[in-house]
Amino acid sequence: MRRSCVQTVLASLFTFVSLVFCAQAFEIEAQKRYPVAGAQRTISILSTADIAVFEPIILAFQLANPDISINYVTSGSTEVMKAIYEEGAQFDLVISSAMDLQTKLANDGFALDYSSEATASLPSWAKWRNQLFGFTQEPAVMVISEAAFANLDVPRTRQELIETLRDNPETFAGRVGTYDVRTSGLGYLFATQDSRNTESFWRLTEVMGRLDAQLYCCSGGMIADVASGKLALAYNVLGSYAESQLQGTDGLKIVPLDDFVGVMLRTALIPKGAKQAEGAGRMIDFLARLRTHPELTAATGLPPIVEQTQLSGTVLRPIRLGPGLLVFLDQLRRETFLRSWTSSIKQN
């Protein structure tokens with residue numbers, strides 16, 4: 001009888017622990033398996049890149065590596081960080097648009113070393129410590145509804161954007177989209193970099209706040225809401241996603257601001273504990289040579305790493321890999337930034 005009670009208590013405890021673990025588990029947005037008949041191994045990839053965007057790369061990789069099946073899991077950038085840093089989730093490759101969070105993973109000992117001919121061919125600014133490797137360079141742009149700007153000049157700088165929003169509240173109230181930097185790792189990266197690059201950042205944030213800006217986790221949701229007419233504009237979305245989603249869509253315009261355009265590197269690393277590190281290394285090699293596959297650039301909309309990026313009429317501000325990205329991840333500095341941002345953006 002006593003043994004039965006103990007077993008009951010243990011079973012209840014196990015159930016409770018399981019429920020707690022499930023409640024704390026990182027959030028998976030989507031998952032898709034790419035099996036190959038007779039494959040000798042399966043690579044598990046955790047990524048912020050949407051399945052539709054990354055799938056052409058996976059299929060092309062498997063043509064060159066027919067012995068590898070792939071399990072592809074997508075999540076938000078902060079959830080990716082949580083999965084690896086806090087939960088020790090088992091993956092063989094981690095891909096993210098949040099360069100600062102990826103740098104922290106590598107800096108804090110969560111990444112394996114890897115080097116090859118392909119990674120050696122990358123520019124020095126596109127890799128860090130032989131652990132973190134950039135494979136795309138993607139500009140942050142504004143997407144606007146041409147109908148909303150039918151009687152307005154399209155702003156070409158952040159100062160012009162501030163003036164346009166401030167002077168036309170009837171057009172833009174509740175119809176401006178930007179990242180919720182409290183939950184979006186990429187949004188936080190873009191916001192902190194903007195605050196470094198221009199004094200107008202905080203003024204723009206305050207103006208957006210007075211207009212009841214709509215906050216998003218991801219570029220895709222913002223772009224979709226501009227396309228549907230819910231938003232008049234979306235600020236700082238990924239240009240690669242904008243071009244991909246807006247193909248064949250009339251009435252929308254991608255606007256790279258002339259004062260400067262931030263350029264993000266999408267990066268990959270092999271996490272410590274990876275069971276298929278060799279296969280993950282092969283994927284890193286494939287990504288490092290993405291510039292040799294123009295058909296994939298066309299299919300995915302992901303601009304590969306090249307020595308120089310040009311965007312007509314704009315000043316490019318590439319975000320470089322390195323310890324400088326860790327500055328705004330300091331807990332006190334992050335709390336201060338988020339407190340200031342929240343008071344500016346949430347005024348209603």
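For this chain, numbers begin at 1 and follow the sequence in order.
Pairs of residues two or more places apart, or lying in two chains, never qualify as salt bridge (Lys or Arg N to Asp or Glu O under 4.0 Å) while including a residue from residues 292-303. Note on residues 101-111: pairs passing salt bridge (Lys or Arg N to Asp or Glu O under 4.0 Å), not counting sequence neighbours, are K104-D108. Screening residues 83-107 for ring pair (Phe, Tyr, Trp, His ring centres under 6.0 Å) gives Y85-F110 as the qualifying pairs, with residues at least two apart or on separate chains. Judged as a ring pair (Phe, Tyr, Trp, His ring centres under 6.0 Å), not a single pair has a partner in residues 205-243 (not counting sequence neighbours).
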Using atom types as modelled, flag every donor-acceptor pair under 3.5 Å from a side chain in residues 35-47 to any protein atom, sequence neighbours excluded.
residue, atom, partner, partner atom, Å
R41, NH1, E278, OE1, 2.5
S47, OG, A49, N, 2.9
S47, OG, Y72, OH, 2.7

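With hydrogens and angles left out, the side-chain atoms of R291 and S121 include a donor and acceptor closer than 3.5 Å. Side chains of T267 and Q102: a donor on one and an acceptor on the other come within 3.5 Å. In summary, the side chains of N71 and Q31 do present a donor paired with an acceptor at a separation below 3.5 Å, with no hydrogens or angles considered. Using a 3.5 Å distance cut-off with no hydrogens or angles, the side chains of D285 and S116 do pair a donor with an acceptor.
Between the side chain of T119 and the backbone N or O of S115, no donor-acceptor pair lies under 3.5 Å. With hydrogens and angles disregarded, no donor-acceptor distance shorter than 3.5 Å links the side chain of N65 to the backbone of D67. With hydrogens and angles disregarded, no donor-acceptor distance shorter than 3.5 Å links the side chain of K32 to the backbone of I51.
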Go through the steps for M264 and S97 under the test side-chain contact (heavy atoms from CB on, under 4.5 Å), then give the verdict. CA-CA 7 Å; M264 171 275 292; S97 53; 3.7 Å; yes

Let's go through K230 and R175 carefully: what are the C-alpha distance in whole Å and the side-chain angles of both, what is the deciding distance for side-chain contact (heavy atoms from CB on, under 4.5 Å) to 0.1 Å, and is it a yes or a no? CA-CA 6 Å; K230 180 178 178 181; R175 300 188 66 213; over 6 Å; no

Going through the checks in order, is the side-chain contact (heavy atoms from CB on, under 4.5 Å) test met by V176 and Q214? CA-CA 6 Å; V176 175; Q214 305 302 296; over 6 Å; no

For V154 and I144, what are the C-alpha separation, side-chain angles and deciding distance, and is it a side-chain contact (heavy atoms from CB on, under 4.5 Å)? CA-CA 9 Å; V154 175; I144 67 168; 3.7 Å; yes

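With a 6.0 Å cutoff to the six-membered ring centre and a 45° limit on the axis angle, R334 counts as a cation-pi contact of Y188. For the pair R158 and F260, the cation sits on the ring face: its NZ or CZ lies under 6.0 Å from the ring centre, inside 45° of the axis.
Smallest separation of non-hydrogen atoms from P256 and R156: O-NH2, 3.6 Å.
The side chain to side chain contact (heavy atoms under 4.5 Å, CB included) check on L59 picks up Y34, E55, Q62, with sequence neighbours excluded. For S240, the side chain to side chain donor-acceptor pair (under 3.5 Å) partners are E138, not counting sequence neighbours. Not counting sequence neighbours, the partners of R203 by the side chain to side chain contact (heavy atoms under 4.5 Å, CB included) test are I162, R166, E206, V207, R210. Every residue meeting the side chain to side chain contact (heavy atoms under 4.5 Å, CB included) condition with N168, not counting sequence neighbours, appears here in chain and number order: L152, T164, E170, T171, F172. Every residue two or more places apart in sequence or in another chain was checked for a side chain to side chain donor-acceptor pair (under 3.5 Å) with E27, and none qualifies. Applying the side chain to side chain contact (heavy atoms under 4.5 Å, CB included) rule to N107 yields the partners W128, R129, L326; only residues at least two apart in sequence or on another chain are considered. Legend: residues meeting side chain to side chain donor-acceptor pair (under 3.5 Å) with E199, ordered by chain and number and at least two apart, are absent.
Distance check: D100 CG to L189 CG gives 4.5 Å after rounding to the nearest 0.5 Å. To the nearest 0.5 angstrom, E79 atom CD is 5.0 Å from K82 atom NZ. Atom-to-atom distance recorded for L325:CG and L265:CG is 9.0 Å, nearest 0.5 angstrom. A distance of 12.0 Å separates CG in L321 from CD in Q131, rounded to the nearest 0.5 Å. The CG atom of L290 sits 8.0 Å away from the OG1 atom of T136 when rounded to the nearest 0.5 Å. Separation of atoms CG (L186) and OG1 (T78) is listed at 10.5 Å; rounding is to 0.5 Å.
Heavy atoms from other residues, nucleotides or ligands lying under 6.0 Å from CD of E117 number 12 at most. By the 6.0 Å contact criterion, CG on N151 is open, its count of non-hydrogen atoms from other residues, nucleotides or ligands being 12 or less.
In this pair, F337 and F328 present their aromatic rings perpendicular. The plane angle is above 60°, beyond the 30 to 60° band.
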